[in-house]
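Right, one structure below, let's go through it.
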Amino acid sequence: MSALLQRVLPFVRQLLSDAIEPGDIVVDATVGNGHDTLFLAQHVGPHGRVYGFDVQQEAIQTTTDRLTEHELATRVTLFHAGHQEASHMLPPVHDGKVKAVVFNLGYLPGGDHRVVTRPKTTIAAIEFFLDTLLPGGIIAVVVYPGHPEGAVERDYLLRYIRQLNQQKVSVLQYGFVNQVNKPPFLLAFEKQ
């Protein structure tokens, strides 16, 4: 893991830790290797719930194994589906009650680099989660612009967030601006 990434991810984790309380409903929109899913499961406690989404069966299996190893699988429901499907899969009882959502865009580390997140589906998912968040809830999106598809997704996301109504959502961009290697950065949304 690069030193720059090691500086962004702890900030993301701190935001999530500050927002999440035991009993909360949270979402890992891109479970990947399950690190964020595990982190979320630890923070929601035995009465909270984590929902996780990923298009790759390998990611779902790795995450299941990680949760089982830590005896936290009962706190998590995983969907072998893209995050844009959350509007059809998240139980309606949680509408307006989600406290936090995390995305790590790009591709599965160690997986097929041709399978990547796409701006259209990512933005659709963000829009849905903004509607289903509690006031004060957050969405943390880690953007990886260092590969061609990631640069395209970055550009679409930055255009999208500029048009969001500041009375309804605040968006923070946290990252390095003078790095030529295009390090990851965070877009943090807070619902008003």
Give every donor-acceptor pair under 3.5 Å between a side-chain atom in residues 154-163 and any protein atom, sequence neighbours left out.
residue : atom : partner : partner atom : Å
Arg162  : NH1  : Leu158  : O            : 3.3
Gln163  : NE2  : Tyr160  : O            : 2.8

Would you list the atom pairs, donor with acceptor, under 3.5 Å between side chains in residues 115-124 and any protein atom, with sequence neighbours excluded?
residue : atom : partner : partner atom : Å
Thr117  : OG1  : Gly106  : N            : 2.8
Thr117  : OG1  : Glu153  : OE1          : 2.6
Thr117  : OG1  : Glu153  : OE2          : 3.3
Thr121  : OG1  : Arg118  : O            : 3.1
Thr122  : OG1  : His83   : NE2          : 3.4
Thr122  : OG1  : Arg118  : O            : 3.0
Thr122  : OG1  : Glu153  : OE2          : 2.7

- Carefully, step by step, assess Leu90 and Val98 under the rule side chain to side chain contact (heavy atoms under 4.5 Å, CB included). CA-CA 10 Å; Leu90 200 66; Val98 173; 3.9 Å; yes
- Below 4.5 Å, heavy atoms only, C-beta onward: do Ser17 and His43 meet side chain to side chain? yes
- Message: Connecting only ILVMFWY residues whose side-chain heavy atoms lie within less than 4.5 Å of each other, what is the rest of Val177's hydrophobic cluster?
- Response: none
- Query: Looking at CG of Leu16 and CG of Leu40, how far apart are the two atoms once the value is rounded to the nearest 0.5 Å?
  - Reply: 6.0 Å
- Do Val102 and Val50 share a hydrophobic cluster, counting only Ile, Leu, Val, Met, Phe, Trp and Tyr and linking them when any side-chain heavy atoms are less than 4.5 Å apart? yes
- Check whether any side-chain heavy atom of Leu38 lies under 4.5 Å from a side-chain heavy atom of His70, and answer yes or no. yes
- Applying salt bridge (charged side-chain N to carboxylate O under 4.0 Å, His left out), name anything that partners Asp18, two or more places apart in sequence or on another chain. none
- Task: Could you please spell out the steps behind the side chain to side chain contact (heavy atoms under 4.5 Å, CB included) verdict for His147 and Tyr107?
- Result: CA-CA 10 Å; His147 59 99; Tyr107 50 78; 3.8 Å; yes
Would you be so kind as to tabulate the donor-acceptor pairs closer than 3.5 Å made by side chains of residues 125-136, with sequence neighbours excluded?
residue : atom : partner : partner atom : Å
Thr132  : OG1  : His94   : O            : 3.4
Thr132  : OG1  : Gly96   : N            : 3.2

- Message: List the residues meeting salt bridge (charged side-chain N to carboxylate O under 4.0 Å, His left out) with Asp28, not counting sequence neighbours, and say none if there are none.
- Response: none
- Between Val141 and Phe176, is there a shared hydrophobic cluster once you connect ILVMFWY residues whose side-chain heavy atoms come closer than 4.5 Å? no
- Query: What residues, two or more places apart in sequence or in another chain, satisfy side chain to side chain donor-acceptor pair (under 3.5 Å) together with Gln192?
  - Reply: Ser170
- Are Phe79 and Val101 in one and the same hydrophobic cluster, where Ile, Leu, Val, Met, Phe, Trp and Tyr link if side-chain heavy atoms are under 4.5 Å apart? yes
- Message: If the condition is side-chain contact (heavy atoms from CB on, under 4.5 Å), which residues does His80 pass it with, not counting sequence neighbours?
- Response: Gln57, Ile60
- Task: Report the C-alpha distance between Ile25 and Tyr51 in whole Å, list the side-chain angles of each, state the deciding distance to 0.1 Å, and finish with yes or no for side chain to side chain contact (heavy atoms under 4.5 Å, CB included).
- Result: CA-CA 8 Å; Ile25 307 302; Tyr51 293 94; 4.0 Å; yes
- Note on the structure: On a heavy-atom basis, the closest approach of Pro184 and Pro145 is CA-CD, 4.1 Å
- Taking the side chain as every heavy atom from C-beta outward, state whether Val8 and Phe185 have any atom pair closer than 4.5 Å. no
- Item | Partner residues of Arg13 under the salt bridge (charged side-chain N to carboxylate O under 4.0 Å, His left out) criterion, sequence neighbours left out | Asp36
- Query: Do Leu72 and Val76 come close enough that some side-chain heavy atom pair is under 4.5 Å?
  - Reply: no
- Message: Same cluster or not: Leu78 versus Val55, using hydrophobic residues (I, L, V, M, F, W, Y) connected whenever any side-chain heavy atoms lie under 4.5 Å apart?
- Response: no
- Message: Suppose we call two aromatic rings close when their centres sit under 6.0 Å apart. Are His35 and Phe39 close by that rule?
- Response: no
- Message: Enumerate the salt bridge (charged side-chain N to carboxylate O under 4.0 Å, His left out) contacts for residues 43-65, please, sequence neighbours excluded, ordered by first and then second residue.
- Response: none
- Query: Is there a donor-acceptor contact under 3.5 Å from the side chain of Asn33 to the main chain of Pro109?
  - Reply: yes
- Task: Check whether Leu187 and Val142 end up in the same hydrophobic cluster, where Ile, Leu, Val, Met, Phe, Trp and Tyr are linked by side-chain heavy atoms less than 4.5 Å apart.
- Result: no
- Task: Among Ile, Leu, Val, Met, Phe, Trp and Tyr joined by side-chain contacts under 4.5 Å, find the other residues sharing a cluster with Val93 and list them by chain and number.
- Result: none
- Query: Got a sec, which pairs hit salt bridge (charged side-chain N to carboxylate O under 4.0 Å, His left out) with one end in residues 141-151, sequence neighbours left out?
  - Reply: none
- Item | Any Thr62 side-chain heavy atom under 4.5 Å of Leu108 side chain | no
- Message: Using the rule side chain to side chain contact (heavy atoms under 4.5 Å, CB included), only one of Val143, Thr30, Val31 pairs with Asn104; which is it?
- Response: Thr30
- Within the side chain of Asp24, is there an N or O that forms a donor-acceptor pair under 3.5 Å with the backbone of Val26? no
